[in-house]
There are 2 protein chains.
Amino acid sequence: MAVKEQWKIGELAKLTGITMRTLHHYDQIGLLVPTLHSDSGHRLYSRQDIARLQQIIGLKQLGFRLNESKELLNHPHFRPDETIRLQLRRVNEQILLHEELRHRLEGLYEMLRIQEDATVEQLIQTIKVMKMTEKYFTPDQMSKIRKQGELLGSKKIKEIENEWLSLVAKVRSEMEKDTSPQSCEVKALAKRWKELVNLFTGGDHDIAMSVKRYYADNPDKAAEFGIDKQVWQYISKAMANSSEY
Amino acid sequence: MAVKEQWKIGELAKLTGITMRTLHHYDQIGLLVPTLHSDSGHRLYSRQDIARLQQIIGLKQLGFRLNESKELLNHPHFRPDETIRLQLRRVNEQILLHEELRHRLEGLYEMLRIQEDATVEQLIQTIKVMKMTEKYFTPDQMSKIRKQGELLGSKKIKEIENEWLSLVAKVRSEMEKDTSPQSCEVKALAKRWKELVNLFTGGDHDIAMSVKRYYADNPDKAAEFGIDKQVWQYISKAMANSSEY
DNA sequence: ACTTGATCCTGACGCAACGTCAGGTTGTAC
DNA sequence: GTACAACCTGACGTTGCGTCAGGATCAAGT
């Protein structure tokens, strides 16, 4: 006729909805150690244990980590102001990050929705454009770039990228042969270079300059096309002495 | 005079800002395996590898996990619409969760700011109240409860909780002795029970009923005070036959 | 008393994305 | 030749448990 004073781990699990494994874990890390054990080693939880568990659950729902909860519960006279403030900061940071993420994803989603044949390649391309536009272009330059992209179509873009790769390779080859930047061959390459740039930029000079800045600031992305400082300076010379502006 | 065509892992790390360890990891999981290795086994990354790395970075910034990115990059003709939608859903869920968290934390912060002697115990108490108020009380019942809490002060509350524990213990003891619920002793206990409830609720009957519902719905929290179904029914009988309503 | 099914125990691996040693090999410059 | 930088491959730590695995205990029926 004894009334329940102790709970076995399974009972506590059913009562609170916390899994047995979790309770095991809490025991292991010293967060919630049952006050009693049966002779055979079975965990027996007391009312105080239940109370502590409630507190743990509460703190967990506030986003605290287990070791933080442990600290808090083991020092009841500690002032939690600073802890709460810290927690608030963490949560706010998370929210900001996720909102930025959502913003980007929504943009992507819109852009993919417009193109009926959206493949992963398109996705990649779109991400590339987004990253450039984030810091290097004004909104209306952005829309121009998008328009030009749609105008060309993804197939054309890939073709151009391929020609671009081989063009840069040719330029590098000339450079390695120490051909003068003023030579006919190199000037021809420089001309084609400009044409390809114009295809991408739609002939907009400001956009071309921004693209240039972008690749200058991000040598890793330029390296993707085989462009490094040396190639850059070399082709710059060839273009600088060109009669075209 | 050869121009850079290959990058060692350290160079790539400096170029892209990705750590060597991360590149090792990407190699290990097959996400980015360098196309070449030197005779001695040093990793040599090609331009294509750099391109792939850029794509990986882009996808990571969109919140994709590495294995998802791997899948996407290995199947360029896959339609990513659904994937993006899924990702958006995930992010939105995260945001909602975090906003709820922030809401709670801000509430907590406010309440702790008001009380000058905020300790962890207060924090726990406040969380308890918040959890109850979230589903069981109307806003103005909530403010009444808060007022009553401030009126009592945290010391008094602890005192009451302690008396509560011993009161329940006494009731249980009588129950185990099979004392009639109508007996003088038990009726006295029931009377004190009501008084304690009134201290907490400020005498508000509706609040008392909601508290009752709360503990009925959450037997785990009632168990914290030593109240289970049997005790509950027993004390209910004692109170039902009382002359007070 | 014996068996059986439910419950409980203690390891130990898995996950996600790396950080951080540790101990040994290579590359390169003087 | 020798030092020092850069690279290599393990392997453990982090966070909060989920999920077996293999064995002991409990409660109930026969």
Side-chain angles (χ1 to χ4, degrees), chain A residues 2 4 6-45 49 53 55-73 87 90-91 94 97-98 101, chain B residues 2 4 6-34 36-45 49 53 55-73 86-87 90-91 94 97-98 101:
Chain A
K4 195 162 292 183
Q6 295 168 350
W7 291 260
K8 293 202 290 184
I9 192 168
E11 297 169 340
L12 188 55
K14 271 183 199 156
L15 206 58
T16 60
I18 304 297
T19 69
M20 278 175 48
R21 175 63 179 104
T22 299
L23 291 169
H24 278 159
H25 185 57
Y26 290 174
D27 188 357
Q28 221 176 350
I29 64 176
L31 176 58
L32 177 64
V33 181
T35 46
L36 286 176
H37 286 81
S38 75
D39 296 346
S40 57
H42 287 195
R43 276 165 261 255
L44 294 174
Y45 292 86
D49 295 335
L53 181 54
Q55 296 165 2
I56 292 168
I57 295 171
L59 290 171
K60 200 173 64 166
Q61 286 174 346
L62 290 177
F64 287 100
R65 290 179 217 150
L66 298 187
N67 53 12
E68 294 171 332
S69 298
K70 191 176 163 187
E71 283 305 304
L72 283 174
L73 292 176
Q87 187 63 10
R90 289 203 295 221
V91 171
Q94 283 295 311
L97 280 176
H98 278 112
L101 231 176
Chain B
K4 195 160 293 186
Q6 295 168 350
W7 291 261
K8 293 202 290 183
I9 192 169
E11 296 169 341
L12 188 55
K14 271 183 199 157
L15 206 58
T16 60
I18 304 297
T19 68
M20 279 176 49
R21 175 61 178 108
T22 298
L23 291 169
H24 279 159
H25 185 57
Y26 290 174
D27 188 358
Q28 221 177 348
I29 64 175
L31 176 58
L32 177 64
V33 181
L36 285 176
H37 285 80
S38 76
D39 295 347
S40 57
H42 287 193
R43 275 165 262 255
L44 295 174
Y45 291 86
D49 295 334
L53 181 54
Q55 295 165 2
I56 292 168
I57 295 171
L59 289 171
K60 200 172 64 164
Q61 286 174 346
L62 290 177
F64 287 100
R65 292 178 215 149
L66 298 185
N67 53 11
E68 294 171 333
S69 298
K70 191 175 163 188
E71 283 305 304
L72 283 174
L73 293 176
L86 176 65
Q87 187 62 12
R90 289 203 294 219
V91 171
Q94 284 296 310
L97 280 177
H98 277 113
L101 231 175

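Throughout, protein chains are lettered first and strands after them, A, B, ... in sequence-line order, and every chain is numbered starting at 1.
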*Asks:* Drop me the distance from B:S69's OG to B:Y26's OH, to the nearest 0.5 angstrom.
*Replies:*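 One gets 8.0 Å once the value is rounded to the nearest 0.5 Å.
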*Asks:* Which whole-number value in Å describes the distance from B:F64 CZ to C:dA17 P?
*Replies:*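 Atom CZ in B:F64 sits about 13 Å away from atom P in C:dA17.
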*Asks:* Does some side-chain heavy atom of B:R43 sit less than 4.5 Å from a side-chain heavy atom of B:H37?
*Replies:*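 Yes, at least one pair of side-chain atoms sits under 4.5 Å.
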*Asks:* Can you measure B:L31 atom CG to C:dC18 atom C1' for me and round it to whole angstrom units?
*Replies:* 13 Å
*Asks:* Of B:K60 and A:H24, whose closest DNA chain C nucleotide lies nearer the 5' terminus?
*Replies:*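 The 5'-side residue here is A:H24.
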*Asks:* Under 4.0 Å: is that the gap between some side-chain N or O of A:K8 and OP1 or OP2 of C:dC9?
*Replies:* no
*Asks:* Give me, pair by pair, the N or O atoms of the protein and of nucleotides 3-6 of chain C that are less than 3.5 Å apart, along with how far apart they are.
*Replies:*
none

*Asks:* Does the A:Q55 side chain pair with the main chain of A:L73, one donor and one acceptor, at a distance under 3.5 Å?
*Replies:* no
*Asks:* Could you state the CG-C1' distance from A:L36 to C:dC9, rounded to the nearest angstrom?
*Replies:*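 From A:L36 CG to C:dC9 C1': 17 Å.
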*Asks:* Taking C-beta and beyond as the side chain, do A:L32 and A:Y45 meet within less than 4.5 Å on heavy atoms?
*Replies:* yes
*Asks:* A:D39 or A:T22: which one's nearest nucleotide on DNA chain D is closer to the 5' end?
*Replies:*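 Result: A:T22.
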*Asks:* Calculate the interatomic distance between B:I29 atom CD1 and C:dC15 atom P; express it in whole Å.
*Replies:*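 Result: 12 Å.
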*Asks:* What is the 5' to 3' range of DNA chain D, first to last nucleotide, that sits under 4.0 Å from any heavy atom of chain A?
*Replies:* D:dG16 to D:dC26
*Asks:* Decide yes or no for A:L53 and A:L23: does some side-chain heavy atom of the first lie under 4.5 Å from some side-chain heavy atom of the second?
*Replies:*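 Side-chain contact under 4.5 Å: yes.
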*Asks:* With a 4.5 Å cut-off on side-chain heavy atoms, are B:I18 and B:L12 touching?
*Replies:* no
*Asks:* Report the distance from atom CZ of B:R21 to atom P of C:dA17, rounded to the nearest whole Å.
*Replies:* 13 Å
*Asks:* Roughly, in whole Å, what's the span from CD in B:Q28 to P in C:dC15?
*Replies:* 13 Å
*Asks:* Using every non-hydrogen atom in the two residues, find where A:L101 and B:Q61 come nearest and quote the distance to one decimal.
*Replies:* CD2-O, 3.7 Å
*Asks:* Using the rule side-chain contact (heavy atoms from CB on, under 4.5 Å), only one of A:E71, A:K70, A:Q87 pairs with A:F64; which is it?
*Replies:* A:Q87
*Asks:* Respond yes when some side-chain nitrogen or oxygen of B:S40 is under 4.0 Å from OP1 or OP2 of C:dG27, and no when none is.
*Replies:* yes
*Asks:* Taking C-beta and beyond as the side chain, do A:S38 and A:L44 meet within less than 4.5 Å on heavy atoms?
*Replies:*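 They are in side-chain contact.
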*Asks:* Distance check needed: C:dC8 P versus A:L12 CG, whole Å only.
*Replies:* 10 Å
*Asks:* Do the side-chain N or O atoms of B:T19 get closer than 4.0 angstrom to the phosphate oxygens (OP1, OP2) of C:dG19?
*Replies:*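 Yes, such a contact exists.
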*Asks:* Report the distance from atom CZ of B:R43 to atom C1' of C:dG27, rounded to the nearest whole Å.
*Replies:* 16 Å
*Asks:* So A:H42, base contact, sugar-phosphate only, or nothing? Heavy-atom distance under 4.0 Å.
*Replies:* sugar-phosphate
*Asks:* Taking the side chain as everything from C-beta on, heavy atoms only, tell me whether A:H24 gets closer than 4.5 Å to A:I9.
*Replies:* yes
*Asks:* Which nucleotide in the set C:dA16, C:dC18, C:dC8 lies at the smallest distance from any side-chain heavy atom of B:N67?
*Replies:*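 Between C:dA16, C:dC18, C:dC8, the one nearest the side chain of B:N67 would be C:dA16.
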